[in-house]
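Here's the structure we're looking at; comments come further down.
FYI, the numbering just counts along the sequence from 1.
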Amino acid sequence: MFEPRLALASLSGRSDATWARRASEHAGAALLGGIALDEPSREAARELVARDREEFLPPDPLAFVDDQLAALSEAPIRPGFNLRASTPAPISEAATICRAHDAICEINAHCRQEELCTVGCGETLLRDSDRLREYVRAAADEGATVSVKVRAEVEGVDLAETARAVERAGADAIHVDAMDSEGVIRDVADAADLFVIANNGVRDAASVREYLAYGADAVSVGRPSDDPRVLARVGETVDRLAREARA
């Protein structure tokens, strides 16, 4: 899906093409966004901004997705976009744009802010696998490479079953925020034939080795994604382990 197997995880209101290009020396993929695509999700994003959270709120979110991905057309990194919407229809439109740029279309079933969950975005999807499958199918039917961003430690959610569900719906990857339950990566990796990206606490060689030992195909860095020292450490480890695996 991408090499080296280090991804930059989206940070609301901060993860744009400039951010991705700065880190392209170390990472193989950059997931921009998240971006709210329709009016209910945009209203939720405006409410988040009102309480001092950073969010992307361009006048035309689909044009923003297209422009940002186009800005990375010559960059040595595979782009993607983390997407939020209250229904699957805007996901289909964004997936068409992602496909045109060979970008990863990442469905956000991760965010837990009340404003987003109230309108059916983020963690609400994680708790409703039928709706989540609809979102995945909407993107997969457009021919996009589809990832689903999820989080561990959500009451009543079995991430192994979630992995099987999204795989059946056409997903290619699952991006897991492991929280404090790193071993969940093994459950997900064993459950489905998906490209597994492990997230949370990736800072050094030890954290990379731990996640890869659990079966992750790649790791991602979130908050330190603008820290070249962390990216260098993680990127070097990912490269070294890949070379060792091929030897």
Side-chain angles (χ1 to χ4, degrees), residues 1-2 7-13 15-21 24 28-45 55-111 116 119-122 124-126 128-150 162 165-175 194-195 197 218 220:
M1 180 169 284
F2 53 84
L8 310 176
S10 61
L11 300 167
S12 292
S15 300
D16 59 8
T18 301
W19 162 86
R21 194 177 295 107
S24 61
L31 296 157
L32 283 61
I35 182 74
L37 296 175
D38 59 0
E39 188 50 38
S41 60
R42 284 168 61 79
E43 178 56 32
E55 291 288 333
F56 290 118
L57 281 166
D60 184 336
L62 289 171
F64 179 75
V65 171
D66 193 26
D67 290 345
Q68 290 291 301
L69 294 177
L72 292 170
S73 61
E74 302 299 324
I77 194 167
R78 187 174 190 188
F81 236 105
N82 181 280
L83 307 170
R84 305 179 189 137
S86 62
T87 69
I91 299 293
S92 294
E93 296 179 85
T96 301
I97 296 169
C98 289
R99 183 197 64 211
H101 292 282
D102 191 28
I104 299 165
C105 176
E106 183 167 87
I107 296 165
N108 186 318
H110 172 266
C111 285
L116 291 166
V119 298
C121 296
T124 306
L125 284 174
L126 186 55
D128 186 344
S129 59
D130 288 340
R131 281 187 66 228
L132 181 56
R133 285 197 299 268
E134 290 178 18
Y135 280 59
V136 172
R137 280 194 293 268
D141 285 350
E142 299 302 326
T145 298
V146 183
S147 174
V148 181
K149 179 75 179 289
V150 300
T162 299
V166 300
E167 180 185 30
R168 291 193 296 269
D172 303 284
I174 187 165
H175 187 178
L194 294 168
F195 188 89
I197 307 168
S220 74

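Proximity of a side-chain donor or acceptor of R99 to a complementary backbone N or O of E142 within less than 3.5 Å is detected. Distance alone, capped at 3.5 Å, places no donor-acceptor pair between the R168 side chain and the R133 backbone. A side-chain donor-acceptor contact under 3.5 Å links Y135 to the backbone of A85.
Atom CG of residue L83 and atom CG of residue D38 lie 11.0 Å apart, to the nearest 0.5 angstrom. Considering CZ of R21 and CG of D16, their distance stands at 9.0 Å, rounded to 0.5 Å. With rounding to the nearest 0.5 angstrom, the CD1 atom of I35 is 9.0 Å from the CD atom of Q68. Atom CD1 in I104 sits 8.0 Å away from atom CZ in F195 (nearest 0.5 Å). To the nearest 0.5 Å, atoms CG (L126) and SG (C111) are separated by 11.5 Å. Separation of atoms CG (D130) and CG (L125) is listed at 11.5 Å; rounding is to 0.5 Å.
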| Does the pair L116 and R84 meet the rule for a side chain to side chain contact (heavy atoms under 4.5 Å, CB included), with working shown? | CA-CA 9 Å; L116 291 166; R84 305 179 189 137; 3.8 Å; yes
| field | From CA spacing to verdict: side chain to side chain contact (heavy atoms under 4.5 Å, CB included), R131, T124 | value | CA-CA 9 Å; R131 281 187 66 228; T124 306; 3.8 Å; yes
| query | Is there a side chain to side chain contact (heavy atoms under 4.5 Å, CB included) between L69 and C98 once you walk through the steps? | reply | CA-CA 8 Å; L69 294 177; C98 289; 4.2 Å; yes
| Yes or no on side chain to side chain contact (heavy atoms under 4.5 Å, CB included) for F2 and I77, after CA distance, side-chain angles and deciding distance? | CA-CA 8 Å; F2 53 84; I77 194 167; over 6 Å; no
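The aromatic rings of F56 and F64 sit tilted relative to each other, their planes meeting at an angle between 30° and 60°.
Using a 4.5 Å cut-off on side-chain heavy atoms (C-beta onward), T145 and R78 make contact. Between D66 and H101, the closest side-chain pair of non-hydrogen atoms falls below 4.5 Å. Annotation: side chain of R42 is not in contact with side chain of S86 (no heavy-atom distance under 4.5 Å). You'll find the side chain of L32 reaches within 4.5 Å of the side chain of L72, heavy atoms only.
For the residue pair N82 / E106, a side-chain donor-acceptor distance below 3.5 Å is found, with atom types taken as modelled.
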